[in-house]
Amino acid sequence: MTALSVVSQHAESRPLPMAPRVAVLIPCYNEAAAIEQVVRGFRASLPHADIYVYDNNSRDDTQEVARKAGAIVRVERRQGKGNVVRRMFADIDSDVYVLADGDATYDASAAPEMIARLIEEENDMVVACRVHAAADAYRRGHQFGNAVLTGFVAWLFGKSFTDILSGYRVFSRRFVKSFPALSKGFETETELTVHALELRMPVAEMETPYGARPPGSVSKLSTYSDGLRILRLILALYKHERPLLFFAVIAFVLAVVSLGLAAPVIIEWSRTGLVPRFPTAILATGIMILACLSLTAGMVLETVTRGRQELKRLMYLQVAPFQRGAEA
């Protein structure tokens, strides 16, 4: 594709100095009621972009509706949004990637402004921070869960985002081609966020409207089960990315338990010279050994993690950034 001219009311005041190739990526599962509106919305705001709809085993007419609306339709058989994102990032070659859900809740007209911020500020990811007007657009349970998980990620990895679960994002080619995409389901947004934080990528957030689903479109989210999956992923990522601190906390807890058990034994020995509680002494010694092993494992894994981070950074740097003054 040659240079793309982005025309939108959001971008009129901030024209792009050089137009990139843009790919709109829309993962879908049973979204026949909404996908036409989504495709037409992005076609109107990004008229020269390639719009890809990846169907994830839909049982309705999602594929046919998307194809009639003008999208390039492809299929990913492995169930789960994370699997679809992995496939899209591997298959599509572009300069800028717009990722959005197929449920018509995100504002397609905001895409040009998000792309402008990505390029002009030389970011690797711009996240659409959801602002809702209707109560049924963003349920309170989801708002609360998002706030808790966002705060947890900020506490563990550093504060950079206010809406880590937003599915509406714009990425640079560097981000997409260096992202390992290991998650399988809806926790992929968390993995995207942590990947950016760990590599210290330049990122930004932008408030965008968040609306209700159109009639006939049903949410696939499960507030509690999906929330627990995301929480488990955050803890797993923390163990992988901060192993020394993770295992040091475990070592500290074990050491405190060991000392608590050993204290009466030590006091008795200092008074009488006898150790009458051999099982307690043995248990305390075993727990302290586990504490030392945990700390040692953390130190070893910290070295491994450092090597992994350096390798990921090198992979990131191997992808050339978009040059605004060059030919697309």
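In this text, all values refer to a predicted model and were calculated from it rather than measured experimentally.
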Please assess Trp269 against Val265 for the test side-chain contact (heavy atoms from CB on, under 4.5 Å), listing each intermediate value before the final yes or no.
CA-CA 6 Å; Trp269 174 79; Val265 177; 5.5 Å; no

Are any of the side-chain nitrogens in [X] or [Y] under 4.0 Å away from the carboxylate oxygens of its partner?
X	Y	result
Lys81	Glu187	no
Glu113	Arg117	no
Glu241	Arg308	yes

Determine, using the 4.5 Å side-chain heavy-atom cutoff (strictly less than), whether [X] and [Y] are members of one ILVMFWY cluster.
X	Y	result
Met125	Leu317	yes
Ile72	Val84	yes
Phe252	Leu244	no

Any side-chain heavy-atom pair from [X] and [Y] closer than 4.5 angstrom?
X	Y	answer
Asp101	Ile26	no
Phe175	Leu199	no
Val96	Phe322	no
Met288	Leu254	no
Asp163	Glu205	yes
Val127	Ser166	yes
Tyr52	Arg74	yes
Arg277	Glu268	no

What do the steps show when you test Val75 against Tyr54 for side-chain contact (heavy atoms from CB on, under 4.5 Å), and what is the final call?
CA-CA 5 Å; Val75 177; Tyr54 272 69; over 6 Å; no

If you apply the rule salt bridge (charged side-chain N to carboxylate O under 4.0 Å, His left out), what do you find for Glu64 with Lys68, and how did you get there?
CA-CA 6 Å; Glu64 182 179 352; Lys68 287 182 178 179; 3.1 Å; yes

Measure across Ser183 and Thr188 and return the closest heavy-atom pair with its distance rounded to 0.1 Å.
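Minimum heavy-atom separation between Ser183 and Thr188: OG-CA, 3.2 Å.
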
Whether the side chain of Glu191 engages the backbone of Leu182 through a donor-acceptor N/O pair (distance < 3.5 Å, no angle test) should be reported.
yes

Could you check whether any side-chain N or O of Thr296 sits under 3.5 Å from a backbone N or O of Cys292, counting only pairs where one atom can act as donor and the other as acceptor?
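Yes: the side chain of Thr296 pairs with the backbone of Cys292.
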
Flag for Gln79-Asn57: side-chain donor and acceptor within less than 3.5 Å
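Yes - a donor-acceptor pair under 3.5 Å links their side chains.
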
How far does [atom1] of [X] sit from [atom2] of [Y], to the nearest 0.5 angstrom?
X	Y	atom1	atom2	answer
Thr62	Arg59	OG1	CZ	10.5 Å
Ser258	Leu283	OG	CG	8.0 Å
Met88	Leu25	CE	CG	5.0 Å
Asp95	Arg174	CG	CZ	13.0 Å
Cys28	Ile35	SG	CD1	3.5 Å
Gln63	Ser58	CD	OG	7.0 Å

Might you work through the ring pair (Phe, Tyr, Trp, His ring centres under 6.0 Å) test for Phe171 and Tyr97, ending with a clear yes or no?
CA-CA 5 Å; Phe171 306 98; Tyr97 299 79; 7.7 Å; no

Might you work through the salt bridge (charged side-chain N to carboxylate O under 4.0 Å, His left out) test for Arg40 and Glu36, ending with a clear yes or no?
CA-CA 6 Å; Arg40 294 189 185 281; Glu36 180 178 1; 2.9 Å; yes

